[in-house]
Amino acid sequence: MGRVDSKVVIVTGGARGMGAAFARKLAAEGAKVVITDVLTEAGQAVAAEIGDTARFFPLDVTDEAAWNDVVAQTEAAFGPISGLVNNAGIVHVDPIEKLSEADYRKVIDVNQVGVFLGMKAVIGSMRRAGVGSIVNISSTGGLIGYSNILGYVASKWAVRGMSKTAAQEFAADNVRVNSVHPGIVATEMVAASERSASIAANQPIARPATPEELANMVLFLISDDSSYSTGAEFIADGGFTTQ
């Protein structure tokens, strides 16, 4: 038996990188997986690769009506939702004095408001399932500061706090909420960044994480193996924040 047999899990930003790794790992361990993204062709390809236990639905995580549609489509395909991985995220690089309000708000809308809308959209379905686990992907940028990515840091600190509040509100419904805080992960978003390579080279585990390493942590949190963990922060950063 798989570790998440009978679970129905939505993964946002699932078309590539960490999100695709999460979807593949959860499906391999028995879950029915719904992949969402604004990258339709890439998302469809991941779902097709996984097979009958996966679906792709396009989703702009900043659109509340679209969230409600995805929940309805997921229930129609697989039944009530028991897992959500809020993974979709973006970053914009600029010093504060050059950062436009529009660019700041865009990052907040995707990274922070998208997480809020996702949690709001699935809670009713999780009540119907009788159980739920929400995993909100934050960052080491939700634990410390980084220069030149103010919107990203602000949003990831917010995700950390939002997860704790939701954990308190949803506990009576047998729904757990935790945040995951990756450091440097070898994905398309960071592959070309000299700054990321430098950070990874100077931390105790002197390399980036693979998406599969983060997928193992997400699998643990979606599974019943983490049944006594809620409102917690799970850090996977190669020891960077120990320095």
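Because the structure is predicted, anything quoted here is derived from the model rather than measured.
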Please walk me through it: do Glu49 and Arg24 pass salt bridge (charged side-chain N to carboxylate O under 4.0 Å, His left out)? CA-CA 9 Å; Glu49 171 197 329; Arg24 292 185 183 106; 2.8 Å; yes
Please check this pair: side chain of [X] against backbone of [Y], looking for a donor-acceptor N/O pair closer than 3.5 Å.
| X | Y | answer |
| --- | --- | --- |
| Glu213 | Thr210 | yes |
| Ser82 | Ala129 | no |
| Thr12 | Ala88 | yes |
| Asn68 | Ala65 | no |
| Ser223 | Val4 | no |
| Asn178 | Gly231 | yes |
| Arg55 | Asp52 | yes |
| Asn148 | Val93 | no |

Once rounded to the nearest 0.5 Å, what's the spacing between atom CD1 of Ile10 and atom OG of Ser125? 7.5 Å
Taken to the nearest 0.5 Å, the spacing of Ser155 OG from Arg160 CZ works out to 13.5 Å
Would you say that [X] contacts [Y] through its side chain, given a criterion of any heavy-atom pair below 4.5 Å between the two side chains?
| X | Y | answer |
| --- | --- | --- |
| Ile137 | Val218 | yes |
| Lys156 | His181 | no |
| Pro211 | Val185 | yes |
| Ile50 | Ile35 | yes |
| Val175 | Ile123 | yes |
| Met126 | Asp173 | no |

Could you tell me whether Lys164 atom NZ has more than 12 heavy atoms of other residues or ligands within 6.0 Å of it? yes
Looking at Gln243, I'd like to know if its CD atom is crowded, meaning that more than 12 non-hydrogen atoms belonging to other residues, nucleotides or ligands lie closer than 6.0 Å.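 Counting other residues, nucleotides and ligands, CD of Gln243 exceeds 12 neighbours.
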May I ask whether [X] and [Y] are part of the same hydrophobic cluster, defined by side-chain heavy atoms of I, L, V, M, F, W, Y residues being less than 4.5 angstrom apart, directly or through others?
| X | Y | answer |
| --- | --- | --- |
| Val131 | Leu221 | no |
| Ile90 | Leu117 | yes |
| Phe57 | Val38 | no |
| Leu39 | Val61 | no |
| Val107 | Phe116 | yes |

Relative to each other, are the rings of Phe220 and Phe234 parallel, tilted or perpendicular (30° and 60° limits)?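 Plane angle over 60°, so perpendicular.
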Answer with yes or no whether the side chains of Ser100 and Asp103 bring together a donor and an acceptor at under 3.5 Å. yes
Residues Asn216 and Lys25: side-chain donor-acceptor under 3.5 angstrom: yes
Yes or no on side-chain contact (heavy atoms from CB on, under 4.5 Å) for Val135 and Phe22, after CA distance, side-chain angles and deciding distance? CA-CA 11 Å; Val135 180; Phe22 300 159; over 6 Å; no
Could you report the tightest heavy-atom contact between [X] and [Y], atom names first, then the distance?
| X | Y | result |
| --- | --- | --- |
| Gly151 | Leu99 | N-CD2, 4.5 Å |
| Ala215 | Ala21 | CB-O, 3.7 Å |
| Leu84 | Val9 | N-CG1, 4.2 Å |
| Arg176 | Thr230 | CA-OG1, 3.4 Å |
| Ala154 | Ile108 | CB-CD1, 4.1 Å |
| Trp157 | Ile144 | NE1-O, 3.3 Å |

Dump the intermediate steps for side-chain contact (heavy atoms from CB on, under 4.5 Å) on Asp37 and Phe56, then the final yes or no. CA-CA 8 Å; Asp37 210 302; Phe56 172 78; 4.0 Å; yes
Intermediate values then yes/no, side-chain contact (heavy atoms from CB on, under 4.5 Å), Val113 and Thr62: CA-CA 6 Å; Val113 178; Thr62 69; 5.5 Å; no
side-chain contact (heavy atoms from CB on, under 4.5 Å) evaluation trace for Thr140 with Tyr146: CA-CA 9 Å; Thr140 52; Tyr146 289 99; 2.7 Å; yes
Assess whether salt bridge (charged side-chain N to carboxylate O under 4.0 Å, His left out) is satisfied between Lys120 and Glu64, documenting all intermediate values. CA-CA 9 Å; Lys120 181 180 178 182; Glu64 185 168 12; 2.9 Å; yes
Does the pair Ser163 and Asn136 meet the rule for a side chain to side chain donor-acceptor pair (under 3.5 Å), with working shown? CA-CA 7 Å; Ser163 300; Asn136 293 326; 2.9 Å; yes
I'd like to know if Glu29 pairs up with Lys7 as an ion pair, taking the criterion as any Lys NZ or Arg NE/NH1/NH2 lying under 4.0 Å from an Asp or Glu carboxylate oxygen.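 No.
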